[in-house]
Engineer: 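Take this structure first; my questions come after.
Throughout, a chain's letter reflects where its sequence line sits, starting with A, and its residues are numbered from 1. As the structure is a computational prediction, the values presented were derived from the model and not from experiment.
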Number of protein chains: 2
Amino acid sequence: MTSTRKSNAGTPRPRRRTTTGRTRRSVVASAEPQRPDRRKDILLSAEALFAERGYAAVSVRDIAARAGVPVALVGYYFGRKQELFDTVFEHRRAYIAERIERIRAVDCSPTNHNAVEELVRAWAEPVIRLRASDSGEAFSLLVARTAWDPGPEATGIIERFYDPLALAFVDAMAEALPGCPRARILWGYEYALGSLLMYVADKRVERLSGGELASADPALCDDFVRFVGAGFRAFCSA
Amino acid sequence: MTSTRKSNAGTPRPRRRTTTGRTRRSVVASAEPQRPDRRKDILLSAEALFAERGYAAVSVRDIAARAGVPVALVGYYFGRKQELFDTVFEHRRAYIAERIERIRAVDCSPTNHNAVEELVRAWAEPVIRLRASDSGEAFSLLVARTAWDPGPEATGIIERFYDPLALAFVDAMAEALPGCPRARILWGYEYALGSLLMYVADKRVERLSGGELASADPALCDDFVRFVGAGFRAFCSA
DNA sequence: TGGCCTATTGTACGATCGTACAAAAAAGCA
DNA sequence: TGCTTTTTTGTACGATCGTACAATAGGCCA
């Protein structure tokens, strides 16, 4: 895997273009052959492959081959492999921001008796819908894969992009469950996250059910909210 | 990573010794230098490294180096890398059998009103205790790492060694929660498993709590059982 | 002592990895 | 048209990968 540990350290970073160069030929009548945006091709190819196999198990050559471009073009646009990985998450930054906003929008005052379930739904539903969409399926899988990945590239991503989300959830839940020790809520978040990642990334129910059940059915969102919500309530009323 | 996809296919398998050769010199007074059991060294080294980084991110040379042994000796005792991986799980087969037995020992008849929690405990407690022990910490981490690993070597292990455990749990829970659709129990198992793996393998609470909370504290087992048990009850009483 | 089997070692092969680099092609602009 | 800049390409380097193999060392019994 080469992972990242020692090889090729200290070499100069390559030049790269962060935007897609000059103005795209913006003729009004745009029914032309439409020169392909190969930078986007590479980005989507990387997203899909990282989601399938995880960071270390994907080679730059795999990414280039799937995008239908020569290897060197990957380095030209994105520099090193790790920078490409980071860029994939930068590119989906809006998805993360949306989840934080939805969490912050929940009324967690003592008057709201459904605050716990509303919070779990605000946190989980965007991911579950994303998983069921065409354009977001790969990224939602990638998030699970990255959360589970023990490598330094993956944990760095989680720390930078998802720790703020976790803390926003924990803060809100602490408000919704006053008197409950923060340590418990923190562990509750970990359990809930483990469940959500299984919901989104699991490929096992299909096998265990003998092919009867499908993976990541978005209709199960209500059930999921009930499961995790009940856990938090029981967890914090001891 | 080289993962496993195509390289070196069809090559003849090497000879190997499955047992540690001739009789260990069984002198009664065994205070001698004690010739080291290098096969066991390799096995434990592999277990620890696979648990830390996952199958693909560990090289045979890493394993040999940690065991203090030349590379070729790994192949001599265990053959290919994948066979070594399998052997690590074979070596811990008793741990898996113990969990199944504990699940089967739970009284799931309608007269037992604590069946759900007893079942969750029977299923989770052995892992949580193993995680806290010196001799089992690495393997309990390895199980989580393997359950999360999308590679074919890992999914093969889960299928062979852990699908029977999952089905035993689901069957027992179906008996404890009569009238609850099996599909829900199956998904509940996935959520519970996701939570347990987080409990056992998580390294994030320490960071999120600012260093106040420790990872995988076995004292939290009761809390875990309450969390997951409540989920199953709420999940199946809709 | 010599023969036999096991254990151990160093080394080498082919493949794949991430990355760099120079040269060619294409596009934009005067 | 020429000139500059961006995009594209083929290729090569050094490192690391899994694995094989011949040679050596060591224990045990006749």
Engineer: Let me know the distance between CD of A:Gln82 and P of C:dC17, rounded to the nearest Å.
Structural biologist: 18 Å

Engineer: Is there a side-chain polar atom (N or O) of B:Tyr76 under 4.0 Å from OP1 or OP2 of C:dT8?
Structural biologist: no

Engineer: Which nucleotide in the set D:dG18, D:dC21, C:dT19 lies at the smallest distance from any side-chain heavy atom of B:Ala72?
Structural biologist: D:dC21

Engineer: Mark yes or no for a side-chain to base donor-acceptor pair under 3.5 Å between B:Arg80 and D:dG18, with no hydrogen or angle criteria applied.
Structural biologist: no

Engineer: Look at the aromatic rings of A:Phe169 and A:Tyr189 and report parallel, tilted or perpendicular, splitting at 30° and 60°.
Structural biologist: tilted

Engineer: Just to confirm, is there a sub-4.0 Å distance from OP1 or OP2 of C:dT8 to any side-chain nitrogen or oxygen of B:Tyr77?
Structural biologist: yes

Engineer: According to a strict under-4.0 Å criterion, is A:Arg39 in side-chain N/O contact with OP1 or OP2 of D:dT7?
Structural biologist: no

Engineer: Do the rings of B:Tyr199 and A:Tyr191 sit parallel, tilted or perpendicular, given the 30° and 60° boundaries?
Structural biologist: tilted

Engineer: To the nearest angstrom, how far is B:Lys40 atom NZ from C:dA7 atom C1'?
Structural biologist: 18 Å

Engineer: Just do the side chain to side chain donor-acceptor pair (under 3.5 Å) check on A:Ser59 and A:Asp62 with the steps written out, would you?
Structural biologist: CA-CA 5 Å; A:Ser59 76; A:Asp62 289 335; 3.2 Å; yes

Engineer: Tell me whether the OP1 or OP2 atom of D:dT9 has a side-chain N or O from A:Arg38 closer than 4.0 Å.
Structural biologist: yes

Engineer: Using whole Å, what does the distance between atom P of nucleotide C:dG18 and atom CG of A:Leu49 come to?
Structural biologist: 12 Å

Engineer: Backbone N or O of B:Gly54 within a donor-acceptor pair of the B:Arg145 side chain at under 3.5 Å?
Structural biologist: no

Engineer: Whole angstrom is fine here: how far is it from CG in B:Asp62 over to C1' in D:dG18?
Structural biologist: 12 Å

Engineer: Whole-Å distance between C:dT16 C1' and A:Arg53 CZ?
Structural biologist: 13 Å

Engineer: Whole-Å distance between C:dA7 P and B:Phe78 CZ?
Structural biologist: 12 Å

Engineer: Judged by each residue's nearest nucleotide on DNA chain C, which is more toward the 5′ side, A:Val71 or B:Pro70?
Structural biologist: B:Pro70

Engineer: Could you tell me if the side chain of B:Trp123 sits less than 4.5 Å from the side chain of B:Arg99, heavy atoms only?
Structural biologist: yes

Engineer: Specify the separation, in whole Å, of atom CZ of A:Phe85 and atom P of C:dG18.
Structural biologist: 13 Å

Engineer: Between A:Leu73 and A:Arg61, name the one whose nearest nucleotide on DNA chain D is closer to the 5' end.
Structural biologist: A:Leu73

Engineer: Compare side-chain N and O positions of A:Ser59 against OP1 and OP2 of C:dC17 and report whether any pair is under 4.0 Å apart.
Structural biologist: yes

